[in-house]
2 protein chains.
Amino acid sequence: MMVTITDVAEKAGVSKSTVSQYLNKRYEYMSAQTRQKIETTIAELDYQPNILARSLKQKRTSTIGVIVANIVHGFSIEICRALEDYFQEQSMNVILCNSDEDMEKEKTYLETLQAKQVDGIILFPTGENKSLYKKLVKERMPLLFLDRKVEGVLSDTVVVNNAEAVFQATEHLAEQGHKRIAIITEPLTISSRIDRMEGYKRAVRELGLEQRQEFMIHCEIGQIRSKLAELFSGTERPTAMIAGNELVLMEILSFIKNNQMPVPEELALIVFDNISFAHLLTPTLTAIAQPTLEMGRAAGKLLMNRITADVPTNGPPREQVFDCKLIIRESSRRSTRPQNEFWG
Amino acid sequence: MMVTITDVAEKAGVSKSTVSQYLNKRYEYMSAQTRQKIETTIAELDYQPNILARSLKQKRTSTIGVIVANIVHGFSIEICRALEDYFQEQSMNVILCNSDEDMEKEKTYLETLQAKQVDGIILFPTGENKSLYKKLVKERMPLLFLDRKVEGVLSDTVVVNNAEAVFQATEHLAEQGHKRIAIITEPLTISSRIDRMEGYKRAVRELGLEQRQEFMIHCEIGQIRSKLAELFSGTERPTAMIAGNELVLMEILSFIKNNQMPVPEELALIVFDNISFAHLLTPTLTAIAQPTLEMGRAAGKLLMNRITADVPTNGPPREQVFDCKLIIRESSRRSTRPQNEFWG
DNA sequence: GTGAAAGCGCTAACAT
DNA sequence: ATGTTAGCGCTTTCAC
């Protein structure tokens, strides 16, 4: 059935230890002759070492766990792809998990990953399992938070400057003459959403924009349509809007389409996140792009530092903050829009 | 450091085997008293079994490998999500790999996954490592092909009826009065692309459409633009077009936008794949939707059958074929288009 | 240079 | 009902 190191040793007429040395490329401990002998025997038997057994002994699995909120979102995917690329280069594999922002699922995954002895974990934290995060850190599990910060947990973190990015987006809208700007996000349960809202608030304050409670919407995706209907039924309508992420955008676009609102004439629009089709919409869509590939790589590197102990596992937490890039397209420009009434 | 089953046994004053029985919920082999004792001891010590050690012994890792072409594509993501959901229910974890259609990467991943003793593998095959696929099957590794068939490998397969789906799409275009229909796919290296092209050819034949070599484009993504330029520079232009997948679509949309071609008046368009924003484009986009969630679940189930040996590992291969659904929207309709020159 | 032996943490007969 | 024992396949001292 399965061919083991013992089979190789016997057939090559050497001991298990020598074969093991060979496998670990410690050729200095053997004659060129035995080395040759082992090599051919391995080929003949088509032997492949059992990594499980090795891992048990070495206490390293060359596997890391990645827990995202929901991989179906563009941002998560790009991050996952970057992480997978990076870890492949490092000869590490990635176990992928979707928490769906559910603290129970997150807990189960974290515990399973630990039990499976992964070498490290990258997490889009729900923020609701703080004591578990702390426990993991205490037990020296390399742990890195992505996209969101969690107060009080001494763990590495990679985030973007959410507040600043939204501030700039709002400022851009203000420069286009808008005074009545709305923002919509999912519930303010995680740091990135809170920070985006804060960036908006600061912009409203500092740029002297119209300050209204109704312009700050934070609710579940399913409620967005009705909130929008309400917002636009009144007389105090916003003239511009920021979508807090891709999901929120989809709802807003539906609303706009259903109500035939001219963009940007009646409503200017900016979305937070790299939307793959932003440049194909009519009008094209202004977006706040997160540097997902760089973030993924950075996260991978920080985690690897801890795993290889280049940076002590119990060292102080490191936080890496990336800047976003505002990609200005037609949906936020005051300028007259082109004559195209079709894609083009 | 790490707390083991031995620690629990000692502290609880029982033997390792009893603790092991407890862990495996074989409570009939112990008194309520010892059971209680073990339970509290485990809690006190915050003991967690080392799954690695268990796996080594049991020869099951509760982990499966999924190798997709590129997770960044909508189709792959949805499949991955469905797979992850299904396997979570089965208490299995998923190692995710991106092959980028590169046979070397695919080979490395397949070998690593086998060495890591995964319980099964789901693969979007490049088709170029046939002997390796065969070897895996021979060595009783549960292996399932997704999205593409591979001739001559006795392995379970989940695909859609690509030919039929494209036939129907072409037929729909013909019904709208089109005689000159083009199709663009990536290179015809995998079965799904070949089958889509075949469906087109059959439709052209059977429905008496104009048969021209220039209308059947299959090339790398990077070449699509120039191919399109060529196609539309001539006098024999198509009046309708089918995009072989999401990536192809993006190129076509760019071309259409750059050249301000009215859709569907000058060019009707249908895309193969569930495009998340199809209903938000102007005009809305007709699409051939694959039942990704069902496919993912089906694939998961077929693989689990083999893993649990409900179906013998050496049994005959099973092929599950799903039907696609043509979702007709504005981009393929002859009817006069609505007056909207914005999203709406 | 090479091999013997111990052990990673767990499970699973087999005794008792 | 509980304990003893023998591994799973590999790595790693430590002798020779």
Side-chain angles (χ1 to χ4, degrees), chain A residues 1-39 41-42 45-63 111-119 139, chain B residues 1-39 41-42 45-63 111-119 139:
Chain A
M1 183 69 230
M2 163 174 250
V3 31
T4 75
I5 198 172
T6 312
D7 302 326
V8 178
E10 282 178 3
K11 178 147 191 210
V14 296
S15 78
K16 285 183 359 176
S17 8
T18 305
V19 178
S20 177
Q21 301 289 22
Y22 173 89
L23 292 176
N24 292 283
K25 303 199 200 307
R26 283 192 275 275
Y27 304 129
E28 60 274 24
Y29 295 130
M30 68 197 72
S31 63
Q33 200 174 330
T34 29
R35 176 175 168 179
Q36 191 49 247
K37 182 74 186 154
I38 294 173
E39 187 167 327
T41 310
I42 286 180
L45 261 41
D46 192 24
Y47 164 73
Q48 273 199 304
N50 181 330
I51 296 187
L52 222 53
R54 170 182 295 169
S55 297
L56 177 60
K57 182 72 187 180
Q58 292 186 157
K59 297 178 182 314
R60 301 190 309 101
T61 52
S62 299
T63 303
E111 286 169 347
T112 306
L113 290 173
Q114 191 183 22
K116 287 203 171 175
Q117 313 292 116
V118 296
D119 295 339
E139 292 174 1
Chain B
M1 183 70 229
M2 162 173 253
V3 28
T4 76
I5 198 173
T6 312
D7 301 327
V8 177
E10 281 178 4
K11 179 148 190 208
V14 297
S15 78
K16 285 184 359 179
S17 12
T18 308
V19 178
S20 178
Q21 300 287 24
Y22 173 89
L23 292 176
N24 293 284
K25 303 197 198 310
R26 283 192 275 275
Y27 304 129
E28 59 275 24
Y29 295 129
M30 71 197 72
S31 64
Q33 200 173 329
T34 31
R35 175 176 169 180
Q36 190 50 243
K37 183 72 186 157
I38 293 172
E39 186 167 331
T41 311
I42 285 180
L45 262 40
D46 192 24
Y47 164 74
Q48 273 199 305
N50 181 331
I51 296 186
L52 223 53
R54 170 183 296 169
S55 297
L56 177 61
K57 181 73 189 180
Q58 292 185 157
K59 297 178 183 312
R60 303 191 309 100
T61 52
S62 298
T63 304
E111 287 169 348
T112 306
L113 290 173
Q114 192 183 21
K116 287 204 173 177
Q117 314 291 120
V118 296
D119 295 340
E139 292 175 2

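Lettering follows sequence order; numbering is per chain, from 1.
- Side chains of A:Met2 and B:Gln117 form a contact here, defined as non-hydrogen atoms less than 4.5 Å apart.
- One side chain, B:Ser15 or B:Thr18, offers a donor N or O that lies under 3.5 Å from an acceptor on the other.
- Positionally, the nearest nucleotide of DNA chain D for B:Val14 lies more toward the 5' end than for the other of B:Val14 and B:Gln58.
- Residue B:Tyr27 is classed as having no contact, given no heavy-atom separation below 4.0 Å to the nucleic acid.
- Between C:dG3 and A:Tyr22, no contact under 4.0 Å exists linking OP1 or OP2 to a side-chain N or O.
- Here the P atom of nucleotide C:dG9 and the CE atom of B:Met2 are 7 Å apart, to the nearest Å.
- Contacts of B:Ser55 with the nucleic acid, taken as non-hydrogen atoms under 4.0 Å apart, are absent.
- An angle of 40°, rounded to 10°, separates the two end axes of the helix from C:dG1-D:dC16 to C:dT16-D:dA1, each defined over five pairs.
- Residue B:Arg35 has no polar side-chain atom (N or O) positioned under 4.0 Å from OP1 or OP2 of D:dA1.
- Look at CZ on B:Arg26: it is 14 Å from C1' on D:dT2, rounded to the nearest Å.
- Close to C:dG3, at under 4.0 Å from its OP1 or OP2, lies a side-chain N or O of A:Ser15.
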Please tabulate the protein-to-nucleotide N/O contacts below 3.5 Å involving nucleotides 13-16 of chain C, giving atom names and distances.
none

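- Rounded to whole angstrom, the span from the CG atom of B:Asp7 across to the C1' atom of C:dC8 amounts to 13 Å.
- Remark: A:Lys16 engages A:Ile5, A:Thr6, A:Ala9 in a side chain to side chain contact (heavy atoms under 4.5 Å, CB included) (not counting sequence neighbours).
- As a whole-Å value, the separation of B:Glu10 CD from C:dG9 P is 13 Å.
- When rounded to the nearest whole Å, the span between CG of B:Asn24 and C1' of C:dC10 equals 9 Å.
- Here A:Ser20 lies in heavy-atom contact (under 4.0 Å) with a base.
- One cannot find a donor-acceptor pair under 3.5 Å joining the base of D:dG9 and the side-chain atoms of A:Lys16.
- In this model, the phosphate group of C:dG9 is approached by a side-chain N or O of A:Lys59 to a distance below 4.0 Å at OP1 or OP2.
- Within the 4.0 Å cut-off from OP1 or OP2 of C:dG1, not a single side-chain nitrogen or oxygen of A:Ser31 is found.
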